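This report concerns only the one structure given below.
Throughout, residue positions are numbered sequentially from 1 according to the sequence presented. Both ligands and their constituent atoms are indexed starting at 1 by order of listing. Computation of the quantities below employed the complete heavy-atom set of this structure, encompassing side-chain atoms and omitting hydrogens, waters and symmetry-equivalent molecules. Remember, it's a predicted structure, so these values are computed and weren't measured experimentally.
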Amino acid sequence: MPYLNFIGGQWVPSCTQRTFPNVNPANVDDVVGLFQASGPQDVAAAFAAAESAQAAWAALPAPRRGEYLFKAAELLESQLASAASDMTREEGKTLPEATGEVKRAINILRYFGGEGSRMFSYQIPSERDNVFCFTMRKPLGVVALITPWNFPSAIPAWKLAPALVAGNTVVLKPASLAPLSALRLVEALEQAGIPAGVVNYVTGSGGAIGDAMLEHASLRAVSFTGSCDVGNRLYDKATRRRLRVQLEMGGKNPTIVLADANLDVAAATLINAAFFSTGQKCTACSRAIIERSVYEPLVDKLVARTRALKIGNGLESGVEIGPAVDESQLETDLKYIEIGKNEGAKLLCGGTRLTGGAYDKGFFVEPTIFGDVTPGMRIAQEEVFGPVLALMVADDFEDAMRLANGVRFGLSAAIISNDISRVHQFVNRIEAGLITVNLPTAGVEYQLPFGGTKESSFGMREQGPLALDFYTESRTVYMKHTF
Ligand code: NAP
């Protein structure tokens with residue numbers, strides 16, 4: 001039985017009467033499910049449902065909207081184990097990683113459920129007698145949420161939850177490679193009793209339904225996470241209509257390792273940031289910039305640890321690195337490995353597709369480290385979105401800063417050092433939206449704002465207390481109350 005779209009409170013098949021398969025990247029014989037290959041008519045139905053539900057949802061007091069999120073969190077928590085194994089099957093990340101992600105989605109629902117009781121705005125004194133001034137937040141209306149496959153539960157959750165608690169109604173389109181985790185969230189909201197039409201879920205190729213979403217007359221805002229290519233196209237379309245738009249896109253995230261660093265901490269941090277989730281995190285570290293005096297000893301530690309990583313089906317216990325999400329991502333990883341070799345970088349470990357036995361059923365690539373990478377190389381500049389780490393030598397701190405900032409992206413960045421002066425300089429001068437010290441570049445928490453700079457992001461921040469700014473419009477009221 002195929003999975004269905006959720007439109008106007010009903011689970012319905014697509015008008016196209018076509019489906020597409022969601023396949024386990026660790027084992028292509030395992031078809032996780034069939035999903036609706038929707039077309040523009042389905043999008044139109046979803047927007048019509050969202051539009052008709054909008055006024056009543058916006059009129060509900062925000063704390064009561066928050067209660068639906070609390071209830072959905074509870075329901076998702078009761079299905080944590082199955083939601084996590086669904087995610088591992090559809091995306092490939094390991095079961096502990098998937099469990100952590102579903103827990104994060106639950107926390108996000110709870111956090112924004114609580115925002116329903118806050119929804120802070122300003123009360124500012126007037127310069128006139130007996131005039132009371134304040135701002136209030138109003139929802140935007142119908143918003144479109146377009147999400148990627150790599151965090152298939154957390155990213156839909158961190159868009160859905162603030163959008164809903166603020167009083168918007170939504171049309172969610174998850175990535176075609178991993179639509180089941182988002183469906184589990186929508187099911188939880190449905191079971192929590194959220195009114196019909198408030199949440200609508202439509203699957204199908206972005207190429208087939210993206211334009212219909214962006215062009216719908218009732219659309220007021222688009223929140224997108226994914227590649228720069230798609231994001232930039234959406235930006236052009238959305239801004240032509242003066243829609244509010246929020247884009248979270250790619251990265252080429254550096255970790256600077258200074259000479260004073262504890263090299264065991266540095267190695268563990270780099271392995272975590274570069275290879276966990278198969279390097280398929282927008283915040284993954286893909287460039288390690290290492291002060292010359294500690295370069296060789298750190299290389300030895302990194303290579304030894306990388307060779308010891310256990311790669312396999314994420315459902316098996318002890319596996320640390322799962323497969324690439326699909327054949328196309330595997331080919332991209334292998335293409336960049338060839339590019340690195342041809343550019344003259346030194347292949348220190350990894351570099352090949354894993355084959356034989358169970359590996360033949362999936363898209364497994366060895367975690368790969370290149371040494372002697374120079375700033376002009378493509379593997380130093382372009383996002384691979386796979387387990388490929390480029391090591392670069394820095395003469396000193398200033399050289400490291402120049403290398404770190406010398407890319408078009410600015411999502412996350414880390415430094416490994418206990419030199420308080422240099423750490424402060426790094427925090428002030430690094431061109432990144434998410435900055436960590438003695439921690440991996442990846443691993444964000446839901447209660448803090450998230451987003452990048454330069455070509456990685458556009459628009460307001462997601463998550464944490466700033467997330468509501470994107471999903472609300474501020475109104476200013478001047479009230480003369482006594483004459
Ligand atoms: P993607 O190919 O850009 O897809 C993202 C979403 O956009 C998917 O739902 C996709 O649908 C949809 N889409 C594709 N073409 C579209 C169109 N013409 N109109 C409207 N929607 C369209 O990205 P991805 O491969 O899923 O994700 C990987 C990228 O996401 C990486 O670059 C990564 O860095 C970035 N990312 C960024 C963050 C962040 O917060 N900065 C977080 C996670 C990932 P289909 O799946 O049907 O193609």
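Side-chain atoms of Asn405 come within 3.5 Å of backbone atoms of Glu431 as a donor-acceptor pair (strictly under, hydrogens ignored). A donor-acceptor distance shorter than 3.5 angstrom exists from the side chain of Glu383 to the backbone of Gly251, with no hydrogens or angles considered. At least one donor-acceptor pair under 3.5 Å links the side chain of Thr368 to the backbone N or O of Glu366.
Residue Ser205 places a heavy atom under 4.0 Å from ligand 1. In this structure, Gly231 has no heavy atom closer than 4.0 Å to ligand 1. Using 4.0 Å as the threshold, Asp211 has no heavy atom nearer than that to any atom of ligand 1. Not a single heavy atom of Cys228 sits under 4.0 Å from any atom of ligand 1. Phe151 does not count as a contact of ligand 1, since none of its heavy atoms falls under 4.0 Å from the ligand.
Below 3.5 Å of separation, one finds an N or O of Met249 facing an N or O of ligand 1. Considering backbone and side-chain atoms alike, Asn150 places every N or O at 3.5 Å or more from each N or O of ligand 1. When only interatomic distances are considered, the shortest N/O to N/O separation between Trp158 and ligand 1 does not fall below 3.5 Å. In terms of polar-atom proximity, Thr225 is not counted as a contact of ligand 1, lacking any N or O under 3.5 Å from an N or O of the ligand. Considering backbone and side-chain atoms alike, Ser227 places an N or O below 3.5 Å from some N or O of ligand 1.
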Stepwise salt bridge (Lys or Arg N to Asp or Glu O under 4.0 Å) test for Glu115 and Arg118: CA-CA 5 Å; Glu115 282 296 294; Arg118 291 183 285 268; 2.8 Å; yes
Test salt bridge (Lys or Arg N to Asp or Glu O under 4.0 Å) applied to Glu343 and Arg378, step by step: CA-CA 8 Å; Glu343 286 177 320; Arg378 288 179 65 189; 5.4 Å; no
Worked check of salt bridge (Lys or Arg N to Asp or Glu O under 4.0 Å) between Arg461 and Asp469: CA-CA 8 Å; Arg461 291 295 185 239; Asp469 291 346; over 6 Å; no
Salt bridge (Lys or Arg N to Asp or Glu O under 4.0 Å) between Glu462 and Lys159, worked out: CA-CA 8 Å; Glu462 301 202 82; Lys159 295 184 191 299; 3.0 Å; yes
Candidate pair Gln329 and Thr332, rule side chain to side chain donor-acceptor pair (under 3.5 Å), full reasoning: CA-CA 5 Å; Gln329 183 59 52; Thr332 301; 4.8 Å; no
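With Phe151 as the aromatic partner, Lys93 meets the cation-pi criteria of under 6.0 angstrom to the ring centre and within 45 degrees of the ring axis.
Partner of Gln36 under the side-chain contact (heavy atoms from CB on, under 4.5 Å) criterion, out of Cys15, Pro179, Pro2: Pro2 alone. Test Glu455, Gln381, Glu382 against Arg408 for side-chain hydrogen bond (donor to acceptor under 3.5 Å, both in side chains) and you get one pass: Glu455.
Regarding atom 20 (C) of ligand 1, its nearest protein heavy-atom neighbour is Gly210 CA, 3.4 Å. Among all protein heavy atoms, the one lying closest to atom 32 (O) of ligand 1 is Glu383 OE1, 2.7 Å. When hydrogens are left out, the protein atom nearest atom 9 (O) of ligand 1 is Thr147 O, 2.7 Å; that is the closest non-hydrogen contact. Atom 24 (P) of ligand 1 has Trp149 NE1, 3.4 Å as its closest protein atom, hydrogens excluded (heavy atom only). Nearest protein heavy-atom contact of atom 11 (O) of ligand 1 is Lys173 NZ, 3.0 Å. Counting protein heavy atoms only, atom 27 (O) of ligand 1 is closest to Pro148 CB, 3.4 Å. Protein heavy atom at the shortest distance from atom 17 (C) of ligand 1 is Gly206 O, 3.4 Å.
In this structure, Phe385 and Trp149 have perpendicular ring planes: the angle between them is above 60°, well past the 30° mark.
Less than 4.0 angstrom separates some heavy atom of Phe224 from each of these atoms of ligand 1: 3 (O), 5 (C), 6 (C), 7 (O). Listed by number with element, the atoms of ligand 1 under 4.0 angstrom from any heavy atom of Ile155 are 42 (C), 43 (C). Remark: ligand 1 atoms within the under-4.0 Å shell around heavy atoms of Val230 are 3 (O), 13 (N), 14 (C), 15 (N), 16 (C), 22 (C). In the vicinity of Leu234, heavy-atom distances shorter than 4.0 Å reach the ligand 1 atoms 19 (N), 20 (C). The distance from ligand 1 to the heavy atoms of Cys282 drops below 4.0 Å at these ligand atoms: 34 (O), 36 (N), 37 (C), 38 (C), 39 (C), 40 (O), 41 (N), 42 (C), 43 (C), 44 (C). Ligand 1 places these atoms under 4.0 Å from at least one heavy atom of Ser176: 45 (P), 46 (O), 47 (O). Atom numbering of ligand 1 starts at 1 in the shown order; those under 4.0 Å from a heavy atom of Ile146 are 6 (C), 7 (O), 9 (O), 12 (C), 21 (N). Listed by number with element, the atoms of ligand 1 under 4.0 angstrom from any heavy atom of Gly204 are 47 (O).
When every heavy atom of Ser457 is checked against every heavy atom of Glu248, the shortest pair comes out as OG-OE1, 2.6 Å. Leu448 approaches Gln463 most closely through the heavy-atom pair O-CB, 3.5 Å.
A donor and an acceptor atom, one from each side chain of Asp360 and Thr355, are nowhere located under 3.5 Å apart.
Counting heavy atoms under 4.0 Å from ligand 1, residue Arg233 touches it through the side chain alone. Residue contacts with ligand 1 for Pro174 involve N, CA, C or O but no side-chain atom from C-beta outward (heavy atoms, distance under 4.0 Å).
Residues Trp158 and Tyr111 place their aromatic rings such that the two centres sit no closer than 6.0 Å.
Atom 4 (O) of ligand 1 lies below 4.0 Å from none of the non-hydrogen atoms of the protein.
Nearest to atom 29 (C) of ligand 1 by heavy-atom distance, out of Gly250, Gly226, Gly451, is Gly226. Among Phe409, Phe385, Phe450, the residue whose heavy atom lies nearest to atom 40 (O) of ligand 1 is Phe450.
Environment of CD in Gln447: crowded, with over 12 heavy atoms of neighbouring residues, nucleotides or ligands closer than 6.0 Å.
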